[in-house]
Protein chains: 2
Amino acid sequence: MVTIKDIAKLAGVSHTTVSRALNDSPLIPEGTKQRIREIAASVNYTPNFNAKSLVLARSFHVGLFFSTLDKGTTSGFFHETVTGALSVIKDRYHLIVNAIDSYGGAYGSVTPQSFDGIIVMSQSHADESFIRYVWEKRIPLAVINRRAEPLPVVNVLSDDEAGVFRAVEHLIGAGHRRIAILEGKTGFQSSQNRKNGYLRAMAKHGLDVPQPYQVAGDFDLESGYIGMQQLLACDPLPTAVFCSGDELAVGAMKAARSRGLSVPGDISIAGFDDNAFSAFVSPALTTVKRPVVSMGRLAAEGLLRALAERRQTVETIRVPTELIVRESVGPAPTP
Amino acid sequence: MVTIKDIAKLAGVSHTTVSRALNDSPLIPEGTKQRIREIAASVNYTPNFNAKSLVLARSFHVGLFFSTLDKGTTSGFFHETVTGALSVIKDRYHLIVNAIDSYGGAYGSVTPQSFDGIIVMSQSHADESFIRYVWEKRIPLAVINRRAEPLPVVNVLSDDEAGVFRAVEHLIGAGHRRIAILEGKTGFQSSQNRKNGYLRAMAKHGLDVPQPYQVAGDFDLESGYIGMQQLLACDPLPTAVFCSGDELAVGAMKAARSRGLSVPGDISIAGFDDNAFSAFVSPALTTVKRPVVSMGRLAAEGLLRALAERRQTVETIRVPTELIVRESVGPAPTP
DNA sequence: GCATACGATGCACACGTTAACAAGAACTGA
DNA sequence: TCAGTTCTTGTTAACGTGTGCATCGTATGC
């Protein structure tokens, strides 16, 4: 492997001069820089980042951690977050991806020497210990999707509650009164936020929310199917169901249909997330869109800002949600 | 930050002894090891991997590269591959994720010092230059999804062609004669493999494949929708369509329905991939399942084997595909 | 009791880079 | 011409580890 010392020898200067030239130091005159750069290129020199890391105490790595990868994180969500983060990280840092629950609480390998900064896509309050750990190690931190208070970090939040509120009001506006909810994974903050939006809308319009109308799911298709079966056992049947995720909604539609019910003829269904397939199922899903790619991007930008300023920036970024009206919600059937 | 020298001072030994003790060297008696480990734990020492990397010439990083992230890689595919790879990488290495097309041909930051090994989920032959680059840098390499010949590397391949062959024979077995194909992204090897399976099955049964029955898509929902519209303009109409991806298939079903056709009453549709949602759309999709999680896992295992043996292992691992019969394929309508 | 072997430990250097400081050369102003 | 300044470059020591070789003490074998 070719090092700056080899280049130094070729150029007839000291390795210090080479280092400075390649780092574009103002101490070196332009001509010398040129010459050294050319030599470096001609022997196709690539810097050893391990050595740089050691002396600069920077790793050139940014971590992106999800609460879990195989238990409750939907593919689209994962994909979009990574895409968003990578779009700003690009070649300035390497992006290390992992799941928090894979550590089993032993975060030993997460050190300030290994990570210049960390983005946590936080879905569950079980992340609390990880977030606190990172914070205590003084690693610059950005948290997406869950309020990171009281820790002063970059925090990117979508207004789920408002989105759900609008969606449920949309159902109410279509004449529905008996509206059930298929909740997300228990313990996930997003589940709670969305439920709050539902409850607030129902309360505002003086509508009842009986216990059997509230069923917990797991954000995946299967639990949507199962949860819907539970709801379909209720008497009286709800005329509309708000689902805390699109996958839940698609599972629920499946269950409704296999019970001989038409969507939205007999029962209306609304989802949350606007997954890639949501416009393409039949009927196309009315849902709440959350700009996940942007959230990943904003978190990465915030983190990089913090890194550039060499201090922990405190910043809360809110992104809006948007109601997407499609076909899965219809007027309430007349009794 | 606490270093082995600090521990050495506390233990009254040299840093050499500490280094050996913490690395479980046979040169150090058990008692001393114990004592040093305890001291290390009590001051919660974490090794500086940058320093280790420098002296050991190992980075403790494994790269996982996709051809692209936002142009043709489906979420499920991405998610499952990462999950599979991480399940074996775990805490032995950090997993760096990136897209090859984000480099724009300048692979400078991909150095042997930064990556102990690299997994390429290769979808397009545009990856060729990257794969060759990695190979020339002598970085241990595993290639998934595309034949890496003539390079002797770990190569994980699924038998797409055989799977498609079975699927198309399934259509033929249901009485279909006019069978169209919605192809995947042009230039992707997987698109070609799947088409070959289709062509082979059609040829074996002496069935005609007119040019208009072959439409190229992009592996996503929208291109499935658009491609299907093209097919529905054919005269005579195909009675069945094989789609090279499940997302294509769902888009196609949508297009069929919005033309007033029932699936599978009027037209049958088969897909490929067995995405998470494929069982939950209506009608549930008949498709070919490919064990993507396993492929990620096998590639990572192969790579780690190569790393352990400190040499490039040559190995081709084939994983089978499986036909999943559901509801979207029915008997050919009688003319 | 002596030579030999071996077990435990430390010294010193290496890995490739950056940076504080020193030092020589060239230039400035009188 | 000379002192002071600026520009250019080199010397040297870090950063935190791992390791070849040397050293010292103790056990072993006769």
Side-chain angles (χ1 to χ4, degrees), chain A residues 1-37 39-40 43-61 108-116 137-138 310, chain B residues 1-37 39-40 43-61 94 108-116 137 310:
Chain A
M1 210 76 298
V2 34
T3 73
I4 52 172
K5 294 194 179 175
D6 300 322
I7 300 177
K9 207 157 288 175
L10 290 174
V13 296
S14 76
H15 72 277
T16 309
T17 303
V18 176
S19 170
R20 291 198 179 111
L22 295 179
N23 288 321
D24 203 21
S25 153
L27 295 178
I28 308 288
E30 199 53 45
T32 316
K33 281 184 192 172
Q34 284 287 351
R35 195 165 56 87
I36 292 182
R37 280 199 208 104
I39 297 178
V43 294
N44 75 72
Y45 164 77
T46 53
N48 183 324
F49 276 83
N50 296 322
K52 281 177 111 93
S53 294
L54 181 58
V55 58
L56 295 177
R58 293 183 48 196
S59 64
F60 304 96
H61 293 296
S109 69
V110 180
T111 65
Q113 296 94 18
S114 298
F115 293 93
D116 288 344
K137 290 270 178 186
R138 319 231 66 121
R310 295 207 147 289
Chain B
M1 211 72 301
V2 33
T3 74
I4 52 170
K5 294 194 182 177
D6 300 322
I7 300 177
K9 209 157 287 172
L10 290 174
V13 296
S14 76
H15 77 277
T16 308
T17 302
V18 175
S19 171
R20 291 199 178 111
L22 295 179
N23 287 322
D24 204 20
S25 154
L27 295 178
I28 307 290
E30 198 53 45
T32 316
K33 281 184 191 169
Q34 282 288 350
R35 195 165 57 87
I36 292 180
R37 281 200 206 103
I39 296 177
V43 295
N44 74 70
Y45 164 77
T46 54
N48 184 326
F49 276 83
N50 295 324
K52 279 178 113 90
S53 293
L54 181 57
V55 58
L56 295 178
R58 294 182 47 197
S59 65
F60 305 96
H61 294 295
H94 282 141
S109 69
V110 180
T111 66
Q113 297 93 19
S114 298
F115 293 94
D116 287 343
K137 290 270 176 184
R310 296 206 148 289

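First the proteins, then the strands, lettered A, B, ... as listed; each starts at 1.
- The side chain to side chain donor-acceptor pair (under 3.5 Å) test with A:K33 singles out one residue from A:D24, A:N23, A:T17, and that residue is A:D24.
- Put simply, the side chain of A:S19 and the base of C:dA19 share no donor and acceptor less than 3.5 Å apart.
- For A:R20, taking side-chain heavy atoms from C-beta onward, the closest of the listed nucleotides C:dT18, D:dT9, D:dG20 is D:dT9.
- Among B:N48, B:T46, B:L10, B:V43, the one residue that satisfies the side-chain contact (heavy atoms from CB on, under 4.5 Å) test with B:V2 is B:V43.
- Below the 3.5 angstrom threshold, one finds no donor paired with an acceptor across the side chain of A:T3 and the base of C:dC15.
- Using cut-offs of 30° and 60° on the angle between ring planes, the pair A:F60 and A:F49 is perpendicular.
- Across all strands, A:F49 comes closer than 4.0 Å to no nucleic acid atom at all (heavy-atom distances).
- Within the 3.5 Å criterion, the main-chain N or O of A:R58 finds no donor-acceptor partner in the side chain of A:K52.
- Nucleotides of DNA chain D nearest to A:P29 and A:H15 differ in position, and the one nearer the 5' end is that of A:P29.
- Remark: P of D:dA22 and CG of B:L27 are 16 Å apart, rounded to the nearest angstrom.
- Counting atom types as modelled, A:T16 pairs a side-chain N or O with a base atom of D:dT11 as donor and acceptor under 3.5 Å.
- Base contact: A:L54 has a heavy atom under 4.0 Å from a base atom.
- The distance from atom CZ of B:R58 to atom P of C:dG16 is 17 Å, rounded to the nearest whole Å.
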